[in-house]
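Scroll down for the structure; my scribbles are underneath it.
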Amino acid sequence: MSEYTLPLPVMTTLSKEYWDGCKAERLLYQHCRNCDEVIFFPKYLCPNCMSHDLEWLQSSGRGKILTFTVTYESAPPAFYAAVPYAVAIIELEEGFRMMSNLVECDFEELECEMPVEVVFDAVTDEVTLPKFRPAAK
Amino acid sequence: MESIRGKAAIVGIGEVPTGIYPERSLIEAAVTAAEMAIRDANIPKEDVDTVIPILVVANNIDNANMICSQMVEELGLGRTAKANFLVGSGGSSSANALKVAMGLVTTGLSKAVLVIHSDRMGSGLDLALAIQQFASVAISPEYESPYGFSQLGLAGFLQQRYMYDTGTTERQIASVVETLRKWAALNPNAMMKTPRTADEVLESKVISSPVRKRMMNKLGDGAAAFIVTTAERAREYTDTPAYVLGVASRCTNFSVTQGQWDGFQLWKGAARDAYEMAGITVGDIDVAEIYDAFPTFILMSMELLGLCGPGEAGKFFEEGHAAPGGKLPISTNGAMMAQGHTGAGGGVAILVEAARQVMGKAGERQVEDANIVVETASGGIGMDFHVGVLGREV
Ligand SMILES: [Zn+2]
């Protein structure tokens with residue numbers, strides 16, 4: 001396996017819990033026990049009620065494409081060799097949104113609202129990136 | 001509390017041409033624009049007792065020097081100035097600086113405030129660094145950066161969803177570029193004055209789908225300035241003040257992922273509040289100076305401003321209504337797509353253009369009876385939305 005050269009996520013005490021979940025192929029999001037808010041990106045306190053009583057829950061990994069773009073040129077420098085690639089905002093069925101790449105698909109067939117499911121890509125020994133592919137029919 | 005509707009005014013404006021000017025230093029451009037604004041306002045420079053530089057993007061030392069009162073020294077304001085401080089919120093810095101200036105002059109804390117932007121995005125920044133910057137700022141390092149998103153991707157995301165939701169065609173989006181180039185041809189300070197047809201836009205290759213190369217802006221060097229004072233003082237200095245009738249805004253998110261993917265419903269409140277403060281309805285608007293960065297954002301903003309119904313903005317442009325001679329002139333300086341992208345200066349340029357139209361100083365592109373002009377700005381990666389209303393009369 002050649003060395004992975006694309007940017008890796010910045011690890012904080014908070015983000016590490018999320019990325020540890022991905023490494024175990026579990027897509028985690030936060031839930032507020034106080035007000036029932038679904039929270040993502042992970043936060044230090046509930047953005048709805050300011051409670052610290054937050055728990056991690058596991059997402060089904062099923063969702064839909066809210067929007068996407070296929071980058072052919074003018075990618076960030078680290079991604080010059082990766083073009084073309086698809087970036088998307090995914091809305092998960094639990095009601096939170098995340099950014100990801102769309103993989104295992106024909107870029108020409110992508111469209112908004114298309115159902116997708118998570119696949120885990122272990123890019124290094126430490127980091128596994130959740131990505132999405134069109135959902136099995 | 002009493003409304004500050006019409007209590008403050010823009011009394012002077014200045015601007016240097018946007019483009020690639022390697023010989024023109026940042027401070028030379030800043031001093032030139034500031035001098036033009038002071039002379040345009042016909043104001044004794046001693047009355048300018050507060051200087052608000054706008055965030056400089058291309059070079060952080062230049063930015064720090066602007067913070068450290070370089071303009072106060074250059075303009076010889078050291079005996080009379082009370083304060084110099086930076087306002088920075090990316091593309092919306094203009095609108096936030098206007099609000100701060102209004103607060104300072106209407107409370108009597110300042111006599112007159114100079115807002116000054118200068119940046120060298122065209123020649124003061126090497127391309128790789130520029131792309132790196134647009135690939136890191138306002139992008140979550142924990143949850144977004146591994147996926148290759150950049151600010152160009154924002155244009156792709158918005159255009160993709162906007163076309164899906166409204167049925168707007170690619171040609172209609174291309175016609176925004178055609179229209180802005182027509183305005184830029186009439187603007188001596190614009191960078192891209194040559195005509196560009198919608199067909200030519202559609203011939204260019206896809207860079208970040210569905211955005212094509214000719215739907216992207218170009219970086220340039222530029223500087224612009226404006227002076228704010230009270231309405232009472234304004235009448236002592238000038239016969240053509242641009243009164244600030246309404247300002248309102250919404251600030252909603254940091255990352256694009258957690259942005260307003262519901263047609264920006266919250267942002268409509270900014271337009272509603274600004275119109276209410278100004279005491280106008282949408283039908284009163286003579287000119288709309290709409291912040292862009294890329295064409296789709298103008299179309300979306302038109303709907304947020306209530307200037308047309310959902311999905312109708314593209315047709316409006318395609319039919320020529322936003323162009324010179326059209327029924328509602330839009331972004332008459334050519335906006336960033338045609339005047340050029342100067343960092344945080346796109347919003348300053350559009351606000352200065354709004355004041356220019358109200359003052360009747362827009363030369364060949366002057367819109368007749370520009371009594372009420374609305375202007376907008378947005379910062380970050382779609383983090384906020386600002387609406388201002390300027391008028392000839394209070
Ligand atoms: Zn809560």
Side-chain angles (χ1 to χ4, degrees), chain A residues 4 6-12 14-16 18-19 22 39-43 47 65-91 96-102 107-108 110-114 121 123-124 127-132, chain B residues 126-137 139-166 204-213 215-217 219 252-263 294 296 381-382:
Chain A
Y4 188 74
L6 301 183
L8 294 169
V10 169
M11 293 295 171
T12 64
L14 182 61
S15 71
K16 190 170 184 308
Y18 167 76
W19 290 107
C22 292
I39 303 165
F40 201 80
F41 304 140
K43 295 280 185 286
I65 299 171
L66 214 51
T67 189
F68 68 98
T69 185
V70 180
T71 300
Y72 295 93
E73 280 186 34
S74 299
F79 288 83
Y80 283 167
V83 296
Y85 61 91
V87 192
I89 298 177
I90 309 298
E91 188 165 278
F96 68 94
R97 296 196 298 257
M98 60 182 289
M99 183 175 283
S100 190
N101 292 131
L102 298 169
F107 291 155
E108 297 298 315
L110 294 173
E111 57 179 357
C112 296
E113 299 292 318
M114 178 187 266
D121 185 359
V123 297
T124 71
V127 175
T128 294
L129 298 177
K131 297 180 178 178
F132 287 81
Chain B
D126 80 78
L127 191 62
L129 200 68
I131 294 171
Q132 183 62 49
Q133 183 137 353
F134 284 111
S136 328
V137 174
I139 292 167
S140 166
E142 295 98 337
Y143 308 106
E144 293 180 330
S145 60
Y147 297 112
F149 179 72
S150 70
Q151 293 195 16
L152 172 61
L154 172 68
F157 276 0
L158 286 177
Q159 186 172 325
Q160 190 84 254
R161 186 72 206 193
Y162 184 75
M163 290 172 73
Y164 179 84
D165 284 339
T166 64
S204 64
K205 58 190 166 181
V206 174
I207 302 293
S208 192
S209 71
V211 175
R212 293 176 184 274
K213 192 172 181 60
M215 294 172 179
M216 292 162 60
N217 60 62
L219 295 173
T252 47
N253 51 282
F254 163 67
S255 64
V256 65
T257 305
Q258 310 307 336
Q260 304 297 293
W261 290 103
D262 58 353
F294 43 84
T296 306
I381 199 146

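Below, read A as the first sequence line, B as the second, and so on, with proteins coming before strands; counting in each chain starts at 1.
At a 4.5 Å heavy-atom cutoff, the contact between A:P130 and chain B is made by backbone and side-chain atoms alike. Neither the backbone nor the side chain of B:S136 comes within contact range of chain A, judged by heavy atoms closer than 4.5 Å. Only the side chain of A:Y18 has a heavy atom closer than 4.5 Å to any heavy atom of chain B. Neither the backbone nor the side chain of A:A82 comes within less than 4.5 Å of any heavy atom in chain B. With a 4.5 angstrom heavy-atom cutoff, B:L152 touches chain A only via side-chain atoms. Neither the backbone nor the side chain of B:V211 comes within contact range of chain A, judged by heavy atoms closer than 4.5 Å.
Here the side chains of B:Y147 and A:F79 are not in contact, with every heavy-atom distance at 4.5 Å or above. Taking 4.5 Å as the limit, some side-chain heavy atom of A:F41 sits within range of a side-chain heavy atom of B:Q258. When side chains are defined from C-beta on, B:E142 does not count as touching A:P9, because their heavy atoms never get closer than 4.5 Å. A 4.5 Å side-chain heavy-atom check between B:R161 and A:F68 finds every atom pair outside the cut-off.
Using modelled atom types, one side-chain atom of A:Y85 and one backbone atom of B:G148 make a donor-acceptor pair closer than 3.5 Å. For B:S209 (side chain) and A:V70 (main-chain N/O), a donor-acceptor pair under 3.5 Å exists by modelled atom type.
Shown here for A:T69 and B:S208, the closest heavy-atom pair between the two residues is OG1-OG, 2.8 Å. The two residues A:L8 and B:P146 make their nearest non-hydrogen contact at C-CG, 4.3 Å.
When A:L66, A:T12, A:V83 are compared by the number of non-hydrogen pairs under 4.5 Å with chain B, A:L66 comes out ahead. Note on B:S140, B:P141, B:A155: by heavy-atom pairs under 4.5 Å with chain A, the leading option is B:P141. Contact tally against chain B (heavy-atom pairs below 4.5 Å) for A:P7, A:P76, A:S100: the top residue is A:S100. Between chain B and the residues A:P84, A:S15, A:C112, A:S74, the most heavy-atom pairs under 4.5 angstrom are made by A:C112.
Between the OG1 atom in B:T257 and the CD1 atom in A:I90 there is a gap of 10.0 Å [rounded to 0.5 Å]. Residue B:L158 holds its CG atom at 7.5 Å from OG1 of A:T67, rounded to the nearest 0.5 Å. Rounding to the nearest 0.5 Å places CD1 of A:I89 at 11.5 Å from CD of B:Q160. Interatomic distance, B:S145 OG to A:M99 CE, rounded to the nearest 0.5 Å: 9.5 Å.
Among residues two or more places apart in sequence or in another chain, the ring pair (Phe, Tyr, Trp, His ring centres under 6.0 Å) test is passed with B:F157 by B:F149.
Applying the salt bridge (charged side-chain N to carboxylate O under 4.0 Å, His left out) definition to pairs two or more places apart or across chains, those involving residues 65-79 of chain A are A:E73-B:K205.
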